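On a predicted model such as this, the values are computed, not experimentally measured, just so you know. Atoms considered below: every heavy atom in the structure, side chains included; atoms not considered: hydrogens, waters and symmetry mates. Quick note on labels: first sequence line is chain A, next is B, and so on, each numbered from 1.
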Protein chains: 4
Amino acid sequence: MPVISPRKMQDRSDSILDAARSAFAETGFENTSVAQIARRAGISDGLLYRYFRNKRDLLNEVLRRFYERTMLDLEEIAARDMPFLDQLRDLVRRHLQTFVDDVDLCRLFFAEVRTQTDYAVSPIRQLNQRYTSIVVGIVQKAAARGEIRQGIDPRLVRDLIFGTVEHRAWSAVQGRQIDVDKTANDLVDIVMVGLQPVKQERL
Amino acid sequence: MPVISPRKMQDRSDSILDAARSAFAETGFENTSVAQIARRAGISDGLLYRYFRNKRDLLNEVLRRFYERTMLDLEEIAARDMPFLDQLRDLVRRHLQTFVDDVDLCRLFFAEVRTQTDYAVSPIRQLNQRYTSIVVGIVQKAAARGEIRQGIDPRLVRDLIFGTVEHRAWSAVQGRQIDVDKTANDLVDIVMVGLQPVKQERL
Amino acid sequence: MPVISPRKMQDRSDSILDAARSAFAETGFENTSVAQIARRAGISDGLLYRYFRNKRDLLNEVLRRFYERTMLDLEEIAARDMPFLDQLRDLVRRHLQTFVDDVDLCRLFFAEVRTQTDYAVSPIRQLNQRYTSIVVGIVQKAAARGEIRQGIDPRLVRDLIFGTVEHRAWSAVQGRQIDVDKTANDLVDIVMVGLQPVKQERL
Amino acid sequence: MPVISPRKMQDRSDSILDAARSAFAETGFENTSVAQIARRAGISDGLLYRYFRNKRDLLNEVLRRFYERTMLDLEEIAARDMPFLDQLRDLVRRHLQTFVDDVDLCRLFFAEVRTQTDYAVSPIRQLNQRYTSIVVGIVQKAAARGEIRQGIDPRLVRDLIFGTVEHRAWSAVQGRQIDVDKTANDLVDIVMVGLQPVKQERL
DNA sequence: TATGAATGAGCTTTCATTCAT
DNA sequence: TATGAATGAAAGCTCATTCAT
């Protein structure tokens, strides 16, 4: 009995994950059956269990890949040597774009993963932390460079950036389109100079 | 002439809602069976259906009560005649406190309701909109009074406030305590004057 | 504690039966709940059980009354002293009219009663037998009078009359209207002279 | 490559249908649970649903098989080139025999299917129409050939034949044996020459 | 390696009937 | 006498997972 080549195994694993991703995105985790995923992937139910321990494992892996892919972009931006203001704007823009492009996977994350009881110790959470800590990093760098004032809690900025984008994107899910560039500009504007009416130099 | 007193009916309705709230919070909507809720409430399956039309009705009612209760506080703050800065700080503090006090219900809302495909037309969404529009309202009033600069999109401020608080509270769910007063102060500080280092007059 | 008058009891029993009849006719036996009947009758669920042992008892009583009422008409016709031909035609017409007027009750009988396992010993069956034996009776009388030829099995005529009417009425239930007079004439015509083409004296 | 042989699948399908037929016949459609059928067939509940879409599908299939089997015989008789009289007698005999052989299935049809509100659009009704239209056809042919007199409504003859047989068989269900040949002869006799006492040529 | 047959627990909701009040 | 609260069984159907083939 011929053993399948590692290459072929990898291809199959990928195609299962593809099938799972699109199926979960379309109908949600609970409303997607393993049989549906297997059919989309062109294999039998049983074989799927050779590649993934169970249905939830599949979900976690789908989201892990999503995160890793998205993170690369964000980390690339964070690695650039550029003024904080511009860097922040690029990050916000990129993050917003992720929501626009993959709203279903985002919803999946919020609905099915973040609320799991074992989320605190899950590998997905570690990815999420690594993801959001990118903003913490550039804020610390900006503070060190004097680009922003002292005494700012970088984690609050992180929550502000991700929270705002998420909330905005979420309301955009219900109906209205989202203008990525304008939203990024407006948000960064507020974050930098605040709402106060006093005259001040723009950076 | 009802066979049980209205008081007893009310008590029972409350105890069912209590049971539903804690059960949903612990195991999620899908993974909680009506039978479990009935057992927690100390009644039979069938009787539950004399108080609530169906399982989803139960969820909606749990969240409606939560919202109405919370909203009263928020609207009371919004109705006060006080400087925008202080009003915003009170609102943020109150909203944060809600998360601290009722993290289970918040999780329930985010996980089970907001992600439903029919959320757009659900009664809960209307409550949520009324809830968040409170901030839109005070921002508009502040703009009219000249307390903040022109050209600010009030809905972006709304997303910023609720998104940040939510994100912060969410990370607080996983472990760490949250310092409500400090967080509120810091957030309002950033929102008002931004991160920029330039010297400026505080309001 | 005042005992209710026999008269009032009778009235109530009647109103329950009325409610049951119309409810069963509209939605069928299985799809009608005891609570619905009680509500229609303006009483509580529990009280209904003071008047009828159970739901099926109610059904039997509804049909028993229906039969008795219908039977009176049929027996009145059978008691008349008139030529067999005319008498038969009147009976057929009357029976057809019953289907037209009370198709729902007829359906109820066929669907819910005649197929009960204990139908063979039920009071309803006795009524049904008494009902159909009316035709047996007039056939025997006609044979004795020489109005029909010898050697005819009266029970076969009974089955012919009731079977044909039922079958015709049943197909009429699905859509098409039924012309009572024409159908009665045509049926009696065939029954009397048959289909054969030979010239013969009409009676 | 199916994991079980087509032969075995067919056998199982048959055994499920057998189980369903006898269970439905004994306790009726509503009062038979899918679990009961599965147990009779020696399989699990779930497996049954790989063979039949749902409970009603099972009922339809049971009756469809019955009809198709029976119809073949009837259509074979109708296709023969023989005098109307003899053909009719053969049809009646055959139809009566069906009742004698499969009284349970007949009861099932009358009690559970024909009385359904959606019977008018059910596949079973189409089979029934095709079945009964066989008699309509031979009557029309007989009329064209002059074997029966003009002005006869073939559909009334259809109702007469099927109605009478059904009624007779039905009363036979409760107890008494049925003499197929005699009944067929007597019925055809009446249908051809009627009840009238006048002298006439027999065909 | 691969299949898909087979399992059976699990779910929401309804409702006839009883009985405390 | 009258109420309607309370019970709890029952039912059709789905599906993650296992395992014989």
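- Between the CG atom of D/Leu47 and the C1' atom of E/dG8 there is a distance of 12 Å, rounded to whole Å.
- Look at CD1 on B/Ile37: it is 11 Å from C1' on E/dT12, rounded to the nearest Å.
- Salt bridge annotation for A/Glu61-A/Arg64: present, with a cationic side-chain nitrogen under 4.0 angstrom from a carboxylate oxygen.
- Atom P of nucleotide F/dT1 and atom CD1 of C/Ile16 are separated by 13 Å, given to the nearest angstrom.
- Neither OP1 nor OP2 of F/dT1 sits under 4.0 Å from any side-chain N or O of C/Arg12.
- The distance from atom CZ of C/Phe52 to atom P of E/dT17 is 14 Å, rounded to the nearest whole Å.
- Among the nucleotides E/dA16, E/dA5, F/dC13, the one closest to the side chain of C/Val34 is E/dA16.
- Side chain of A/Tyr49, nearest nucleotide from F/dT7, F/dA16, E/dT12: F/dA16.
- By the 30° and 60° cut-offs, the orientation of the rings of C/Tyr67 relative to C/Phe109 is perpendicular.
- The nucleotide whose nearest atom lies closest to any side-chain atom of B/Ser33 is, among F/dA5, F/dT7, E/dC11, E/dC11.
- Across every strand in view, F/dC15 sits in a pair with E/dG8 that passes the Watson-Crick or G-U test at under 3.5 angstrom.
- In this entry the distance linking CG of B/Asn54 with P of E/dT14 reads 8 Å, nearest Å.
- Look at CG on D/Leu48: it is 15 Å from P on F/dA11, rounded to the nearest Å.
- Look at CG on A/Asn31: it is 12 Å from C1' on F/dT14, rounded to the nearest Å.
- Remark: C/Lys8 does not engage C/Asp11 in a salt bridge, criterion side-chain N to carboxylate O under 4.0 Å.
- A residue-by-residue look at C/Lys8 and A/Glu30 shows that C/Lys8 has its nearest nucleotide of DNA chain F further toward the 5' end.
- Using a 4.0 Å heavy-atom criterion, one finds that C/Thr32 contacts the sugar-phosphate atoms exclusively.
- Nucleotide E/dA2 has F/dT21 as its partner under the Watson-Crick or G-U criteria, with both atom distances under 3.5 Å.
- Residue A/Arg53 places none of its side-chain N or O atoms closer than 4.0 Å to OP1 or OP2 of F/dA16.
- C/Phe29 carries C/Arg56 over the face of its six-membered ring, with the cationic atom under 6.0 Å from the centre and within 45° of the normal.
- The aromatic rings of D/Phe110 and D/Trp170 stand perpendicular to each other, their planes meeting at an angle above 60°, with 30° marking the opposite boundary.
- Ion pair C/Arg21/C/Asp102 not flagged as a salt bridge, since none of the NZ, NE, NH1 or NH2 atoms sits closer than 4.0 Å to an Asp/Glu carboxylate oxygen.
- Residue B/Arg50 is the one, among A/Lys55 and B/Arg50, whose nearest nucleotide of DNA chain F lies closer to the 5' end (criterion: closest heavy atom).
- Listed nucleotides: F/dC13, F/dA11, F/dT3. Nearest to the side chain of D/Asp45: F/dC13.
- Rounded to whole Å, atom C1' of F/dT14 lies 18 Å from atom OH of D/Tyr51.
- When each of E/dT3, F/dA11, E/dT17 is scored by its nearest atom to the side-chain atoms of A/Ser44, the top-ranked nucleotide is E/dT3.
- Mapping C/Gln36 and B/Ala35 onto DNA chain E by nearest heavy atom places B/Ala35 at the nucleotide closer to the 5' end.
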